[in-house]
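The structure appears below as structure tokens.
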Amino acid sequence: MRLSRLALATTKETPADAEIVSHQLMLRAGMIRKLGAGLYTWSPLGMRVLRKVETIVREEMDAIGALEILMPAVQPAELWQQTGRWDTMGDLMLRMTDRAEREYCFGPTHEEVMTDFVKRDVRSYKQLPATYYQIQTKFRDEIRPRFGLMRAREFLMKDAYSFHMDSDDLAREYQSMRGAYVRILDRMGLDYRIVAADSGAIGGAKSEEFHVLAQSGEDALAVSSEGSYAANIEAAMTVPGDGERPAPTRELKKIDTPGVTTIAALAAHLDVPTEATSKAIVVMGEDARPVLLMLRGDHTLNEIKAEKLDGVATPLTMADEATIRAHFGAGPGSLGPVNTNIAVVADHALAKAADMVVGANYDGAHFTGFNWGRDHPEPRFADLRNVEAGDASPDGHGHIQILRGIEVGHVFQLGDKYSRALELSVLDEDGRAVTPQMGCYGFGVSRIVAAAIEQCHDDAGIRWPMAMAPFELVIVPIKADKSAAVRETCERLYDELKAAGIDVAYDDRGLRPGPMFADAELIGIPHRLVVSDRGIEAGMLEYRGRGDAESGEVAADVAAIRQKIGRG
RNA sequence: CGGGGCAUAGCGCAGGCUGGUAGCGCGUCUGCUUUGGGAGCAGAAGGUCGCAGGUUCGAAUCCUGCUGUCCCGACCA
């Protein structure tokens, strides 16, 4: 590609409304332009990157036998009503009405349409298993779109769906798809982790997420320092800990703690470490009565774990102050298990605690010397808290480290949630109707472009991994307008490199060297060749890799160049 | 949806308090000179100051409403 024809639109200045580096660099490099909140146009330069990602994804999907299709972006409401998601999706779904007042949505995902498609054609076990995928634009009306493409409302996603006669075959395909994702990310050369995940609103059993590691990542990942355990912090287990609970040594004693409503203030007031205190959180139960959740003072509640507790309302709802006062006689900050008949669920970390500090259910008072069994019946113990750095790893090897990640892929074993709701049924070998098991597998095509930049950039701009770069190599002429030799050498190299299958850019824009170098670095081309009279006289070109500190040389012929850039 | 910003030339910003000819930098265009890290000189184009009302002789500026957008929170592949 001749850069004079690419409509490059780079800028020196960083747009004011771009917060994270990938958003800033994509705007500066002219890869995308904002149309509205969470809506972006991809420029010719950006499209080159997007297409490279799509190509890798498509190749790996095809390689595991997934079949490409393309479903409508606009979907009738009826299908969504059948699975109940027309109501449960809420405002995330962009809804619209046609001229006949029929209701539609712009698809935020495609389980319903996919299942319906299979239902029309698949009748026999002989037609399964089958895996379909598409690369398509989704729209999710995010409450708060942000960070450019990282959390856009309209985005490009590869979504795949598989159908199976039984869960063993689903598990097999799940592993196959997981392997394809590993190969996709390996080919892209990104540093990533696979973590156990909560399956969230989509439902289903086993699920794992693929995260590109980056400091700006929105997700926290709990990863074992020595073992293989890795989980999204939302789903990461904590280890109960072993040993016996010490015997009580102190009497239950009420103490005045006026104005003390936070753990930090309580610990300071009593001159004890925060882990010697406890915190009480009141959530609504399934029967409209509240449930008291108790954690060690220095721990934080994992709301997903809390929501899954038997007896706790879904979605998790914090009790308001009026409800709390009605049941406890005190406000938040002084709550505890003593003298209540409210159901108590305590985190494992409190199971081995003795002589605890708990709220007294009187404003401005706490108890010290609280002991389970003696001062309150043994509560139900459960895993309620967020895992923290330094915790023992659940797999028994090493401790937990917290990493930040950007979720770019998610694989689920869905089970029969959608096939059952949409009455998909096929006949097995014995002629019995079976509801197929489904898997679904998402991959954020546009998001991974941003994620790659978050992981791969420097002060000068983007440092694409080779597989994602808009061009592999750029030819930069020096004083081309003065030197026929420079022009001829550039043209010859450009033609020969193209013929050799190298994705080469030729900067024929006639700019001064500075802007050409700056643009090449900003848009992140991995290899650069500089053609000048003084090099031509020596039969050499200047070569510099995007990450190199210094320029080197390479002979001015295609074989030498190919060797230099690892394409020999 | 709650809280907080912002909206003036293609981009980044000043001006606003104290109402009176709309400015700066970058970019763009023309000419000449330049050509190894975002050139110099000279000239030029480009703005219903987000929208709608109001106050006023007069509004970018003051008042009211609306819209858009960004940030924090809850939510989320």
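A quick note: this is a predicted structure, and the numbers were derived from the prediction, not measured. Order of the sequence lines fixes the chain letters, A, B, ..., with proteins taken first and strands second; residue numbering starts at 1 for each chain.
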Protein-nucleotides 25-30 of chain B N/O pairs under 3.5 Å:
unit_1	atom_1	unit_2	atom_2	d
B:G25	N2	A:Glu13	OE1	2.8

Quiz item: Which pairs with one or both residues in residues 21-40 of chain A pass ring pair (Phe, Tyr, Trp, His ring centres under 6.0 Å), sequence neighbours excluded?
Solution: A:His23-A:Tyr40
Quiz prompt | Residue pairs, two or more places apart or on separate chains, that pass ring pair (Phe, Tyr, Trp, His ring centres under 6.0 Å) and touch residues 525-545 of chain A | solution = A:His527-A:Tyr543
Quiz item: For A:His164, what residues pass the ring pair (Phe, Tyr, Trp, His ring centres under 6.0 Å) criterion, not counting sequence neighbours?
Solution: none
Self-check item: Close aromatic pair by centroid cut-off 6.0 Å: A:Tyr441 and A:Phe412
Solution: no
Quiz item: Are A:Arg140 and A:Phe155 in a cation-pi contact, defined as NZ or CZ under 6.0 Å from the six-membered ring centre and within 45° of the axis?
Solution: no
Please enumerate all protein N or O atoms sitting under 3.5 Å from an N or O of nucleotides 68-72 of chain B, with distances to 0.1 Å.
unit_1	atom_1	unit_2	atom_2	d
B:U69	OP1	A:Ala37	N	2.9
B:U69	O3'	A:Lys34	NZ	3.0
B:C72	OP2	A:Arg144	NH1	2.9
B:C72	OP2	A:Arg144	NH2	2.5

Exercise. Using the C1' atom on both, measure B:C49 against B:A59 and round to a whole Å.
Key: 11 Å
Exercise. Please evaluate the base of B:G38 for a donor-acceptor partner in the side chain of A:Arg509 within a cut-off of under 3.5 Å?
Key: no
Quiz item: Does B:C1 have a Watson-Crick or wobble partner in any strand here, with both distances under 3.5 angstrom, and which is it?
Solution: B:G73
Practice problem: Name all pairs fulfilling the salt bridge (Lys or Arg N to Asp or Glu O under 4.0 Å) condition that reach into residues 472-489 of chain A, sequence neighbours left out, sorted by first residue then second. | Solution: A:Glu472-A:Arg567
Quiz item: Of A:Arg512 and A:Pro15, whose nearest nucleotide on RNA chain B comes first from the 5' end?
Solution: A:Pro15
Quiz prompt | Pairwise C1' distance for B:G40 and B:U35, with rounding to whole Å | solution = 12 Å
Self-check item: Separation of the P atoms in B:C63 and B:G16, to the nearest angstrom
Solution: 14 Å
Practice problem: Grab the OH-P distance between A:Tyr543 and B:G36 for me, whole Å please. | Solution: 23 Å
Self-check item: Base paired to B:G53 (Watson-Crick or G-U; both N/O distances under 3.5 angstrom)
Solution: B:C63
Self-check item: side chain to side chain donor-acceptor pair (under 3.5 Å) partners of A:Arg544, counting only residues at least two apart
Solution: none
Practice problem: Considering only atom C1', compute the distance from B:G12 to B:G3 and round it to an integer number of Å. | Solution: 28 Å
Quiz item: What residues in residues 528-538 of chain A put a non-hydrogen atom under 4.0 Å from any atom of RNA chain B?
Solution: A:Arg528, A:Val530, A:Ser532, A:Arg534
Quiz item: Which residues pass the side-chain contact (heavy atoms from CB on, under 4.5 Å) test with A:Ala196, sequence neighbours left out?
Solution: A:Ala231
Quiz item: Are side-chain heavy atoms of A:Phe106 and A:Lys138 found at a separation under 4.5 Å?
Solution: no
Exercise. Could you pull out all residues at least two apart from A:Asp62 that satisfy salt bridge (charged side-chain N to carboxylate O under 4.0 Å, His left out)?
Key: none
Practice problem: Mind calculating the distance between CZ (A:Arg85) and P (B:C76) to the nearest angstrom? | Solution: 14 Å
Exercise. Please list, chain by chain and in numerical order, all residues satisfying salt bridge (charged side-chain N to carboxylate O under 4.0 Å, His left out) with A:Arg420, sequence neighbours excluded.
Key: A:Asp416
Quick one: side chains of residues 214-223 of chain A, donor-acceptor pairs under 3.5 Å with protein atoms, not counting sequence neighbours, listed by atom name and distance.
unit_1	atom_1	unit_2	atom_2	d
A:Ser216	OG	A:Glu454	OE1	2.6
A:Glu218	OE1	A:Arg151	NE	3.2
A:Glu218	OE1	A:Arg151	NH2	3.3
A:Asp219	OD1	A:Asn232	ND2	3.4

Exercise. Check every atom of B:G36, B:U35, B:A77 against the side chain of A:Lys482 and return the nucleotide holding the closest atom.
Key: B:U35
Exercise. Check every atom of B:A39, B:C1, B:G38 against the side chain of A:Ala518 and return the nucleotide holding the closest atom.
Key: B:G38
Quiz item: How far, in whole Å, is B:G46 from B:C24 if one measures between their P atoms?
Solution: 15 Å
Self-check item: Strand partner of B:A39, provided both Watson-Crick or wobble distances fall under 3.5 Å
Solution: B:U33
Quiz item: For atom C1', what is the distance between B:G47 and B:U8, given to the nearest Å?
Solution: 8 Å
Quiz prompt | G-U wobble or Watson-Crick pairing nucleotide for B:G10 (cut-off 3.5 Å, both distances) | solution = B:C26
Exercise. Would you kindly compare A:Asp481 and A:Pro515 by the position of their nearest RNA chain B nucleotide and give the one closer to the 5′ end?
Key: A:Asp481
Practice problem: Could you work out which one of B:G12, B:A77, B:G38 sits closest to the side chain of A:Phe155? | Solution: B:A77
